[in-house]
Number of protein chains: 2
Amino acid sequence: MTAQVLPLDDRLPRYQQLRDLFAAAVADGRWRPGEAIPPEDSLAEQHGVAVGTVRKALAVLVTEGMLERRQGRGTFVRRGNFGNALARFFRMTDAKGRPMRPVSRILSRKVLPADAEVAEHLGVADGAPIIALTRLRLVDGAPLLFEEVHLPRDPFAALLDLPFAEFGDLLYPLYETACGRVVASARETIRFGQPPAAAAAELGIDAGVPTAIIDRIAFGFDQAPLEFRRSYGPAERFSYSIDIR
Amino acid sequence: MTAQVLPLDDRLPRYQQLRDLFAAAVADGRWRPGEAIPPEDSLAEQHGVAVGTVRKALAVLVTEGMLERRQGRGTFVRRGNFGNALARFFRMTDAKGRPMRPVSRILSRKVLPADAEVAEHLGVADGAPIIALTRLRLVDGAPLLFEEVHLPRDPFAALLDLPFAEFGDLLYPLYETACGRVVASARETIRFGQPPAAAAAELGIDAGVPTAIIDRIAFGFDQAPLEFRRSYGPAERFSYSIDIR
DNA sequence: TTCCTCTAGTCCTATAGAGGAATAGAGGTT
DNA sequence: AACCTCTATTCCTCTATAGGACTAGAGGAA
């Protein structure tokens, strides 16, 4: 969480040590999303290695998705691709396979102690303070998804003061701009069951209607969990598409 | 389909041309799954480039999943990871999140003309000959999934003579050993709906029971579709887990 | 304004080579 | 048998360097 004194491991190859060093620079905000990092030759000089070694370290971070290189321009810390975020994470498509673009409305915001399940998913202590949001996502004015979002309180405390109207339709850009956290990957689990009463009410369906339940844990560049989210939607409207490897 | 005369593009960097060359060697069977390819220095000499250039080409193919390098041993054409195939493609987990290991039984095998949907997914002409398999996958003796598998006939003709008992529990190893085709990636789409009568009958459920429907297109190393599969399973028993990016 | 040229900065391609690390196998020792 | 040592083979790390390609911006020409 806090910027660590570098636990560099001398047994690792230098390019791996550099990778860790650079990743830490991104993680603790010295290199910021959207900005260019120093050019490769100056990094090489700075760390007393050959340019090729720096290039190799940067190549690792590029394949890990943390950096992005543009010939002639520089090397940039990747910002969450919010143009693509829907395509990457919100893979609900309509009957014709087109991605749907939901509008979002925050319904509630509370600080609660984490229950056992949320604590495990977020990797925090049982009972640790959690921000719990509920929100509704609508397409063409019709409610499509009811979501319960859980965030560790401290890193996301900035969200506690934000008026609901300013949350916008996507949370990940907000995590970046308001809290400096970038979502780099996620794990989703889909199953099928019945919605809790609150979800059914907001969705305007009977509690007995078959419902798709999607659990998602979102991770930062350091693979630490940032968010746990559970989403409910009517099963007949649901279609989920994914490319594997 | 047939081995092409190399359409090497001189405008591409040499390492990309080499990549294409090496990929073609795998695709047309000169380099075979599980076997080692020539060492990097001999490839370099053979093609008149520096070793570093060969290494770069091979690195691309490693990240694409076609090759695998082992220090001190060599560079190998990757074989479908059948130990991991379940983990990679068959992501149904039980209520506790453990992957389930189904047993398979082939129910039927026919050669049919492709209908419009199958033809599109497989990238073949409408009405082209297709091998259509149905099979049942069981866990602990109970039917869990009913599957309709569609394959282009000619590349998979070897399956037409194989007794059902010799199909085994997984098809992908069979595609490799019997037909020389390796599944490298796949796209899945999940939705919920109602099963066709045949599926409901084999699964022992009512036709009205909510059912998970998974469509999968499996691709070879060259991104060409190899198989189209549609699977049906009772929704309450279903849970699907996926890592994103 | 619009277009062109030039330049500085940056990443990309490619080469060459030295030394290290991991593996497999041969052969010897206990 | 079990273990060790030695060697050949192979991939890995790292250095050093040269020229090319792409971008952005400054300045001048039409």
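Predicted, not measured: the structure shown is a model, and the values here were computed from it. By convention in this document, chain letters (A, B, ...) are assigned in the order of the sequence lines, proteins followed by strands, and residues within each chain are numbered from 1.
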For atom CG of A/Leu67 and atom P of C/dC11, their distance in whole Å: 11 Å
Look at the rings of A/Tyr172 and A/Tyr175 and say which category their plane angle falls in: under 30° parallel, 30 to 60° tilted, over 60° perpendicular. tilted
Under the side chain to side chain contact (heavy atoms under 4.5 Å, CB included) rule, collect the residues that match up with A/Leu226, sequence neighbours excluded. A/Phe156, A/Arg181, A/Val183
Partner set under side chain to side chain donor-acceptor pair (under 3.5 Å) for A/Glu117, not counting sequence neighbours: A/Arg230
Check the distance between C/dG9's C1' and A/Phe76's CZ and give it to me in whole angstrom. 12 Å
Can you list every stem that DNA chain D is part of, counting only runs of 3 or more consecutive Watson-Crick or G-U wobble pairs with both distances under 3.5 Å? C:1-30 with D:1-30
Could you encode protein contacts along nucleotides 9-14 of chain D as a string, one character per nucleotide from 5' to 3', using B for base contact, S for sugar-phosphate-only contact and - for no contact, with a heavy-atom cut-off of under 4.0 Å? BBBBBS
For B/Glu166, side chain to side chain contact (heavy atoms under 4.5 Å, CB included) partners two or more places apart: B/Leu162, B/Pro163
Return the set of residues passing side chain to side chain donor-acceptor pair (under 3.5 Å) with A/Arg69 (not counting sequence neighbours), or none when no residue passes. A/Glu40, A/Thr75
Applying side chain to side chain donor-acceptor pair (under 3.5 Å), can you list everything that pairs with B/Arg14, at least two apart in sequence or on another chain? none
Which residues pass the side chain to side chain contact (heavy atoms under 4.5 Å, CB included) test with A/Ala36, sequence neighbours left out? A/Phe76
Starting from P on D/dT15, measure out to CG on A/Leu43 and report it in whole angstrom. 14 Å
Non-neighbouring partners of A/Ser104 that pass side chain to side chain donor-acceptor pair (under 3.5 Å), sequence neighbours left out: A/Arg135, A/Arg137
